[in-house]
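Below is one structure, written out as structure tokens; comments come after it.
Numbers here are sequence positions counted from 1. Values below: every heavy atom of this structure, side chains too, minus hydrogens, waters and symmetry copies.
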Amino acid sequence: MKKPLIGIPCRYNEETLETGILTNYIESVSKLGAIPILLYCTKDELLLKELANLCDGLMLSGGPDI
């Protein structure tokens, strides 16, 4: 059976232009038998649509930007 691809949005700091993610999220998705796909911040709508279409699910980690 194919493993599901789960998109995990990365956090983004507008002041420093840094993007990142806590490894706990990646490891948790992997331990559940899925493949994590990191979704980084971009203004390229076509790329975002392509990334979203690849994913079987989405993990929202929460935070002030939701």
Contact between Cys10 and Cys41 at the side-chain level, heavy atoms closer than 4.5 Å - yes or no?
no
So if you build clusters from Ile, Leu, Val, Met, Phe, Trp, Tyr with side-chain heavy-atom gaps below 4.5 Å, do Met59 and Leu38 land together?
yes
Considering only distance and modelled atom types, tabulate donor-acceptor pairs under 3.5 Å from the side chains of residues 16-27, sequence neighbours left out.
residue	atom	partner	partner atom	Å
Thr16	OG1	Glu18	N	3.4
Thr16	OG1	Glu18	OE1	3.3
Thr19	OG1	Arg11	O	2.9

Applying side-chain contact (heavy atoms from CB on, under 4.5 Å) to Leu5 and not counting sequence neighbours gives Ile35, Ile37, Asp56
With Ser28, which residues qualify under side-chain contact (heavy atoms from CB on, under 4.5 Å), at least two apart?
none
Hphob cluster co-occupancy, Leu51 + Leu60, side-chain heavy atoms under 4.5 angstrom
yes
Is Met1 isolated, or which residues cluster with it under the ILVMFWY side-chain rule of less than 4.5 Å, directly or via members?
none
Identify, with sequence neighbours excluded, every residue that meets side chain to side chain donor-acceptor pair (under 3.5 Å) alongside Glu50.
none
